[in-house]
Amino acid sequence: MSQAKWVWFFGNFKLSETVVVSWIIIAALALISFLLTRNLKKVPTSKVQIFLEFAIGTLDKLVKDTMGENTVKKMPNMVPYIGSLVLFFACSNLIGLLGFRSPTTDIDTTLAWAMITFFMIYYAGIKFNGLKYFKGLMEPVPFLLPLNIIGEIAKPISLTFRPFGNILGGAVIMALVYQFLGWLSTLIPGVSIPIGQLVIPVPLHLYFDLFSGVLQSFIFIMLTMVFVSDAAGQN
């Protein structure tokens, strides 16, 4: 399940299921965004616009409270980036409920997101501190330079494997539960359909797909904001 599954072939070019599902999520989010924002007014008159302004205001406050006003002022794209990231991340985790393979069960997806955060950390560090940012690797004493370098390398690894491991682990458990319930149903005389699969897995889906999926999304964006603001020297 952790390896790419190729579903489309164009000669020597091929696309994995993860990429196709990611494109479906991106297209759905773009369409929904267009439909929700095409008739906005200066003074909100609809419940949809009121809700959108509340959601965006809450996100803006969360980013500024976490990263600091000065960081967000010099990196104004952080608010839309964090908003896009959490929506895409949450939808990627929840799309398993519709029968699609979650992109976060492919390590390539979480590695790509982690590398974006990793480069943003150094971008913010150099933007706010110049090349002096790298002197921080020798603090509090130069003797700790090797350990600090290992700590920097560990950041993208941790960001990659935390959501990947949690979502993949939940998917594996659900697959085992479905197989067990299917086998258990065959023991019931006169029953030819796996009736246990219809109801019993619902609480597990609520936990692994809904609760865990949203929680991992929130943890990822919080770590991204903390790492970037730390590099900027604002926390």
Side-chain angles (χ1 to χ4, degrees), residues 1-2 17-19 21-26 28-29 32-33 36 51-52 54-68 71-72 78-121 151 154-178 197 199-231 235:
M1 186 173 290
S2 59
E17 184 180 6
T18 301
V19 174
V21 174
S22 297
W23 286 355
I24 293 174
I25 295 172
I26 293 172
L29 289 176
I32 294 172
S33 299
L36 293 179
F51 172 76
L52 290 176
F54 169 76
I56 293 173
T58 303
L59 173 67
D60 183 72
K61 185 176 185 303
L62 173 67
V63 175
K64 289 179 178 177
D65 288 347
T66 306
M67 302 187 66
T71 305
V72 178
M78 283 304 299
V79 177
Y81 172 71
I82 293 297
S84 302
L85 180 62
V86 70
L87 282 176
F88 185 58
F89 205 138
C91 290
S92 296
N93 291 340
L94 297 177
I95 202 167
L97 293 171
L98 302 179
F100 293 97
R101 179 184 178 184
S102 171
T104 44
T105 59
D106 189 336
I107 196 170
D108 294 342
T109 303
T110 54
L111 176 61
W113 293 343
M115 291 308 298
I116 293 174
T117 298
F118 183 69
F119 286 112
M120 286 178 63
I121 292 171
K155 288 178 181 176
I157 296 175
S158 172
L159 287 170
T160 299
F161 281 94
R162 179 180 289 103
F164 168 72
N166 278 281
I167 302 302
L168 178 63
V172 170
I173 291 174
M174 291 306 302
L176 293 175
V177 168
Y178 272 105
Q197 295 180 355
V199 179
I200 295 178
V202 171
L204 296 178
H205 273 301
L206 291 176
Y207 177 77
F208 288 115
D209 294 328
L210 189 60
F211 175 74
S212 180
V214 174
L215 179 63
Q216 291 303 319
S217 308
F218 183 73
I219 291 173
F220 191 92
I221 65 164
M222 290 302 295
L223 288 176
T224 295
M225 290 189 289
V226 169
F227 285 153
V228 172
S229 58
D230 278 346
N235 279 343

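No hydrogens, no waters, no symmetry mates; every other heavy atom, side chains included, goes into these values.
Taking each heavy atom of I167 and Q216 in turn, the nearest pair found is CD1-CG, 4.4 Å. Here the closest heavy-atom approach between residue R101 and residue V21 is recorded as O-CG1, 3.6 Å.
Applying side chain to side chain contact (heavy atoms under 4.5 Å, CB included) to V63 and the options T71, T58, V79 leaves one that passes, V79.
Of the inter-residue distances, the one linking L85 atom CG with T117 atom OG1 reads 6.5 Å to the nearest 0.5 angstrom. Within the model, atoms CG of L59 and OG of S84 stand 9.0 Å from one another, a figure rounded to the nearest 0.5 Å. For the atom pair T104 OG1 and L168 CG, the distance stands at 9.0 Å (nearest 0.5 Å). Note that OG1 of T105 is 13.0 Å distant from CG of N166, once rounded to the nearest 0.5 Å. If you take OG1 on T160 and NZ on K155, they are separated by 14.0 Å, rounding to the nearest 0.5 Å. Note: L215 CG to F220 CZ = 14.0 Å, rounded to the nearest 0.5 Å.
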As a quick check of understanding, evaluate side-chain contact (heavy atoms from CB on, under 4.5 Å) for I219 and M222, giving each step before the final call.
CA-CA 5 Å; I219 291 173; M222 290 302 295; 5.8 Å; no
Step by step, work out the side-chain contact (heavy atoms from CB on, under 4.5 Å) result for S92 and T109.
CA-CA 10 Å; S92 296; T109 303; 5.7 Å; no
Take T110 and R162 through the side-chain contact (heavy atoms from CB on, under 4.5 Å) test and state the conclusion after the steps.
CA-CA 9 Å; T110 54; R162 179 180 289 103; over 6 Å; no
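Under the 30°/60° scheme for interplanar angles, the aromatic rings of F54 and F51 are found to be tilted. The aromatic rings of F88 and W113 sit perpendicular, their planes meeting at an angle over 60°, well past the 30° parallel limit.
Within the 4.5 Å cutoff, side-chain heavy atoms of F227 are placed close to those of L159. A heavy-atom distance below 4.5 Å is found between the side chains of I24 and F100. The side-chain heavy atoms of P103 and I95, taken from C-beta on, include a pair separated by under 4.5 Å.
Under the side-chain hydrogen bond (donor to acceptor under 3.5 Å, both in side chains) criterion, S22 pairs with no residue, sequence neighbours left out.
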